[in-house]
Every structure is written in structure tokens, then in C-alpha cells.
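Atom set for the values below is all heavy atoms of this structure, side chains included, hydrogens, waters and symmetry mates excluded. On a predicted model such as this, the values are computed, not experimentally measured, just so you know.
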Amino acid sequence: MSGEARRQVYRRRAVFELLGGPVVVVLAYLVLRAVFVATSEDEGLIAPSGVRFGVAAVGAAALCLRVAAVFGAPAWIAYRLVVAWSRPAVARWRERRAARS
């Protein structure tokens, strides 16, 4: 494997590590949201016939995943980017600190 091929594999792996978790959360939210829309039959959580607890549970899970997708996924991506960009600086700081000791 040439150097350029290794760099491409490393880049793909880095992108997957960065976006893998958030993509799974967003896809799970989309699937659960589709299930909720299909099962609620345009009646919502509280229907004239009463509360349907199965639909309410799916709706609550969809709401939790929506919060995770809207707030958690971008926060996770920002955190991973900061960690990735700060690694070289931390390594240089550790080398300088070890050289002084």
C-alpha cells in the first residue's frame, strides 16, 4: 500500500470516527419518527378514545432522540474536532515539559 493510499484510509477512518456516532443517532431518530408518525394516525399522543401508552412511549423516545440529534450530535462533533486539533499541541507541550525535567 502506497503512502497516498494509507493517507486516504486514515482520512476515511478519521471521518468515520468523527461522524459515526452522530449519524447513528440521527438515523435512529428518523426511523423512530417515521414509526411514530405511522402509528399516531394524525391523532397525536392523547386521542379522544384516551391515552395510547404505546404511541406515547414511541413519541417520548422520538423526542429524546430529537434532543440528542439536535444538541448532542453537534456537541459531540465539536468536541472530537477540538480533541483532534489539540493533540499535536499537547504532544509538543509534553515533549517540552519532558525536556525540562
Side-chain angles (χ1 to χ4, degrees):
M1 185 179 284
S2 70
E4 182 61 30
R6 280 194 190 115
R7 282 192 289 276
Q8 287 180 347
V9 169
Y10 176 75
R11 283 187 205 128
R12 287 183 188 142
R13 186 177 299 150
V15 168
F16 179 74
E17 287 177 3
L18 176 67
L19 299 176
V23 166
V24 169
V25 169
V26 170
L27 289 177
Y29 163 69
L30 291 174
V31 168
L32 202 56
R33 174 77 176 151
V35 168
F36 175 71
V37 168
T39 58
S40 68
E41 300 168 353
D42 295 328
E43 293 179 4
L45 297 177
I46 301 175
S49 60
V51 177
R52 299 183 323 182
F53 291 106
V55 175
V58 172
L63 181 63
C64 291
L65 278 175
R66 175 182 279 183
V67 170
V70 170
F71 297 108
W76 174 257
I77 291 171
Y79 166 75
R80 295 294 292 185
L81 285 173
V82 168
V83 167
W85 288 337
S86 66
R87 274 192 190 138
V90 170
R92 285 191 305 271
W93 176 78
R94 286 183 179 162
E95 287 173 3
R96 280 185 263 146
R97 185 174 172 202
R100 279 189 272 172
S101 299

Non-neighbouring partners of L19 that pass side chain to side chain contact (heavy atoms under 4.5 Å, CB included), sequence neighbours left out: V15, V23, I77
Going by the rule side chain to side chain contact (heavy atoms under 4.5 Å, CB included), which residues pair with A62 if we only count those two or more places apart in sequence or in a different chain? L32
Which atoms form the tightest heavy-atom contact between T39 and V55, and what is the distance? O-CG2, 3.9 Å
Shortest non-hydrogen pair, V25 vs A68, comes out as CG1-CB, 3.9 Å
Distance check, rounded to the nearest 0.5 Å: R13 atom CZ versus L18 atom CG? 14.5 Å
Can you pull the side-chain hydrogen bond (donor to acceptor under 3.5 Å, both in side chains) pairs that have at least one residue in residues 55-74, sequence neighbours excluded? Y29-R66
With sequence neighbours excluded, what pairs up with V67 under the side chain to side chain contact (heavy atoms under 4.5 Å, CB included) test? F71
Run the side-chain hydrogen bond (donor to acceptor under 3.5 Å, both in side chains) test against E95 and tell me which residues pass, sequence neighbours left out. none
If I compare all heavy atoms of V26 with all of A69, which pair ends up nearest, and what's the gap? CG2-CB, 4.0 Å
Transitively linked via ILVMFWY side-chain contacts under 4.5 Å: V70 with V31? no
Is F36 linked to L30 within one hydrophobic cluster, defined over Ile, Leu, Val, Met, Phe, Trp and Tyr using a side-chain heavy-atom separation of less than 4.5 Å? yes
Those residues that, when tested against W76, pass side chain to side chain contact (heavy atoms under 4.5 Å, CB included) (two or more places apart): P22, Y79, R80
